**Student:** 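Got a structure for you, written out below as structure tokens; questions coming shortly.
The model shown is predicted, which means the values in this text are computed figures rather than measured ones.
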Amino acid sequence: GGPSALAQVLKEFPANFDVPILITQHMPVHCTRFLAERLDKICALQVREGTEGAVLGPGQAWVAPGDQHMVTTRNRSNVTLHLTNDPPENSCRPSVDVMFRSIAKTYHNRCLAVVMTGMGKDGLDGCQEIKWHGGRILVQDEETSVAWGMPRAVIKSELAERIVPLAEMAHAIMSIVNAHKVREAREMVPT
């Protein structure tokens with residue numbers, strides 16, 4: 001989503017949110033650092049621009065650097081960020097599709113994709129990969145989107161689990177994460 005939409009959603013998360021958040025914005029070099037710094041000042045989460053080898057953890061949000069794709073890799077028990085200069089996808093670098101595909105391969109059915117306001121269809125192929133791995137997908141509704149291209153592409157492909165107004169997005173995300181934690185805890189209890 002755009003910077004204003006991101007700020008509105010991220011401000012709702014507590015500092016101890018249990019999972020890391022990864023963000024890809026179609027922004028040029030240096031603008032993503034300023035975005036991360038601005039979000040860090042107004043959010044309880046720790047918001048940083050992605051760096052090579054950063055270890056993901058709870059309470060963190062990472063913004064893909066301008067002109068670099070941001071992907072995840074599993075390294076023993078840690079998940080780390082990797083930055084690439086691979087060719088643009090959908091005329092974008094960073095690309096949502098690149099990030100979503102890597103998250104699907106790293107987290108499988110334990111990932112949640114959120115597609116918010118944006119032009120074009122970047123994110124659609126990545127959502128297909130996330131859905132294939134059993135992950136979940138939320139999209140922002142048309143009424144609250146500044147540009148509805150990206151969410152519309154996901155909806156038209158019937159990949160969206162829910163269509164959510166911007167004001168309800170943070171709550172929807174936290175509900176899904178909390179429900180997943182409860183389900184995992186039940187599965188770990190011996191019968």
**Student:** Tell me whether Asp141 contacts the main-chain N or O of Thr144 through its side chain, where contact means a donor paired with an acceptor under 3.5 Å.
**Tutor:**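 Yes; at least one donor-acceptor contact below 3.5 Å.
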**Student:** Nearest 0.5 angstrom please: Met70 CE to Ile103 CD1, how far?
**Tutor:**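 Taking CE in Met70 and CD1 in Ile103, the distance rounds to 7.0 Å.
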**Student:** Would you indicate whether the side-chain heavy atoms of Met150 and Ser145 approach each other to under 4.5 Å?
**Tutor:**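 The answer is no, as the side chains (C-beta and beyond) never meet within the 4.5 Å cut-off.
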**Student:** Please check this pair: side chain of Thr24 against backbone of Pro94, looking for a donor-acceptor N/O pair closer than 3.5 Å.
**Tutor:**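 It does not hold such a pair.
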**Student:** Answer yes or no: is there a side-chain heavy-atom contact under 4.5 Å between Ile137 and Phe100?
**Tutor:**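 With C-beta onward as the side chain, the pair stays apart.
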**Student:** Given side chain to side chain contact (heavy atoms under 4.5 Å, CB included), test Asn109 with His133 step by step and report yes or no.
**Tutor:** CA-CA 5 Å; Asn109 68 336; His133 280 279; 5.9 Å; no
**Student:** Return the minimal non-hydrogen interatomic distance between Val96 and Gly123, and the atom names on each side.
**Tutor:**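 In terms of heavy atoms, the two residues are closest at CG1-CA, 3.6 Å.
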**Student:** Going by the side chain to side chain donor-acceptor pair (under 3.5 Å) test, name the single residue among Glu49, His26, Glu37, Gln68 that passes it with Thr32.
**Tutor:**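 Filter result, single survivor: Glu49.
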**Student:** Would the distance check show the side chain of Arg93 and the main-chain N or O of Asp67 forming a donor-acceptor pair, the cut-off being under 3.5 Å?
**Tutor:**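 Between the backbone of Asp67 and the side chain of Arg93 there is a qualifying donor-acceptor contact (under 3.5 Å).
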**Student:** Among Thr106, Thr73, Thr72, find the one that has a side chain to side chain donor-acceptor pair (under 3.5 Å) with Thr80.
**Tutor:**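 The single option meeting the side chain to side chain donor-acceptor pair (under 3.5 Å) with Thr80 is Thr73.
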**Student:** If you count heavy atoms of other groups shown closer than 6.0 angstrom to NE2 of His108, is the number above 12?
**Tutor:**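 Enclosed.
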**Student:** Should Glu89 and Arg101 count as an ion pair when the cut-off is N to O under 4.0 Å?
**Tutor:**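 Looking at Glu89 and Arg101, the cut-off is met.
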**Student:** Would you say the side chain of Arg110 lies within less than 4.5 Å of the side chain of His180, judging by non-hydrogen atoms?
**Tutor:**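 With C-beta onward as the side chain, the pair touches.
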**Student:** Which heavy atom of Val154 sits nearest to which heavy atom of Cys127, and what is that distance?
**Tutor:**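 Nearest heavy atoms, Val154 then Cys127: CG2-SG, 4.0 Å.
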**Student:** Would you say His69's side chain and Ser95's backbone share a donor-acceptor pair under 3.5 angstrom?
**Tutor:**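 Answer holds: yes.
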**Student:** Quick one: CG on Leu39 to CG on Leu10, what's the gap to the nearest 0.5 Å?
**Tutor:**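 Answer rounded to 0.5 Å: 6.0 Å.
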**Student:** Please check if Trp132 and Met99 belong to a single hydrophobic cluster, counting links between Ile, Leu, Val, Met, Phe, Trp and Tyr side chain heavy atoms closer than 4.5 Å.
**Tutor:**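 No, because Trp132 and Met99 fall into different hydrophobic clusters, even though each may have its own neighbours under 4.5 Å.
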**Student:** Is there a side-chain contact between Asn90 and Leu124 in this structure, where contact means two heavy atoms from C-beta onward sitting under 4.5 Å apart?
**Tutor:**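 Counting from C-beta outward, Asn90 and Leu124 never come under 4.5 Å.
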**Student:** Do Val19 and Val71 sit in one hydrophobic cluster, given that two such residues count as connected whenever their side-chain heavy atoms are within less than 4.5 Å of each other, even indirectly?
**Tutor:**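 In one cluster with Val19: Val71, no.
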**Student:** Between atom CG of Asp18 and atom CZ of Phe13, what is the distance when rounded to the nearest 0.5 Å?
**Tutor:**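 That separation rounds to 11.5 Å.
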**Student:** I need the Glu129 CD to Leu159 CG distance, nearest 0.5 Å.
**Tutor:**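 Answer for the CD-CG pair, Glu129 versus Leu159, is 11.5 Å.
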**Student:** With the 4.5 Å side-chain cut-off for hydrophobic clustering, are Val114 and Val98 part of the same group?
**Tutor:**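 Different clusters.
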**Student:** Determine yes or no for a side-chain-to-main-chain donor-acceptor pair under 3.5 angstrom, with Asp97 supplying the side chain and Gly126 the backbone.
**Tutor:**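 Such a contact is found between Asp97 side chain and Gly126 backbone.
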**Student:** Test side chain to side chain contact (heavy atoms under 4.5 Å, CB included) on Arg48 and Gln60 and set out the steps.
**Tutor:** CA-CA 8 Å; Arg48 299 287 182 262; Gln60 301 174 338; over 6 Å; no
**Student:** Just verifying a value: how many Å separate Tyr107 OH and Leu112 CG, rounded to the nearest 0.5 Å?
**Tutor:**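 Here the rounded value is 12.5 Å.
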**Student:** To the nearest 0.5 angstrom, please state how far the CZ atom of Arg33 sits from the OG1 atom of Thr51.
**Tutor:**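 OG1 of Thr51 is found 13.5 Å from CZ of Arg33.
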**Student:** State, to 0.1 Å, how close Leu83 and Glu52 come at their nearest heavy-atom pair, and which atoms those are.
**Tutor:**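 Shortest heavy-atom contact: N-OE1, 2.8 Å.
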**Student:** So which atom in Ile130 and which in Ala113 form the shortest heavy-atom distance, rounded to 0.1 Å?
**Tutor:**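 Taking every non-hydrogen atom into account, CD1-CB, 3.5 Å.
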**Student:** Start with the C-alpha gap between Leu6 and Leu35, add the side-chain angles, then the distance that decides, and say whether side chain to side chain contact (heavy atoms under 4.5 Å, CB included) holds.
**Tutor:** CA-CA 10 Å; Leu6 278 173; Leu35 173 65; 4.2 Å; yes
**Student:** Evaluate the criterion side chain to side chain contact (heavy atoms under 4.5 Å, CB included) for residue pair Gln140 and Trp148; output intermediate values, then yes/no.
**Tutor:** CA-CA 8 Å; Gln140 186 177 349; Trp148 200 56; 5.8 Å; no
**Student:** Which atom names give the shortest non-hydrogen contact between Ala61 and Ile23, and what distance separates them?
**Tutor:**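 It is CB-CD1, 4.3 Å.
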**Student:** Give the minimum heavy-atom separation between Trp62 and Gly50, together with the two atoms involved.
**Tutor:**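 Distance-wise, the nearest heavy atoms are CE3-CA, 3.7 Å.
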**Student:** For residues Pro3 and Arg38, determine if any side-chain heavy atom of one lies less than 4.5 Å from a side-chain heavy atom of the other.
**Tutor:**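 Of all side-chain heavy-atom pairs linking Arg38 with Pro3, at least one is under 4.5 Å.
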**Student:** Please say yes or no: joined through hydrophobic side-chain contacts below 4.5 Å, possibly via intermediate residues, are Leu45 and Ile42 part of one cluster?
**Tutor:**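 Yes, same cluster.
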**Student:** Tell me if the CD atom of Glu158 is crowded by more than 12 foreign heavy atoms within 6.0 Å.
**Tutor:**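 Not more than 12 within 6.0 Å, no.
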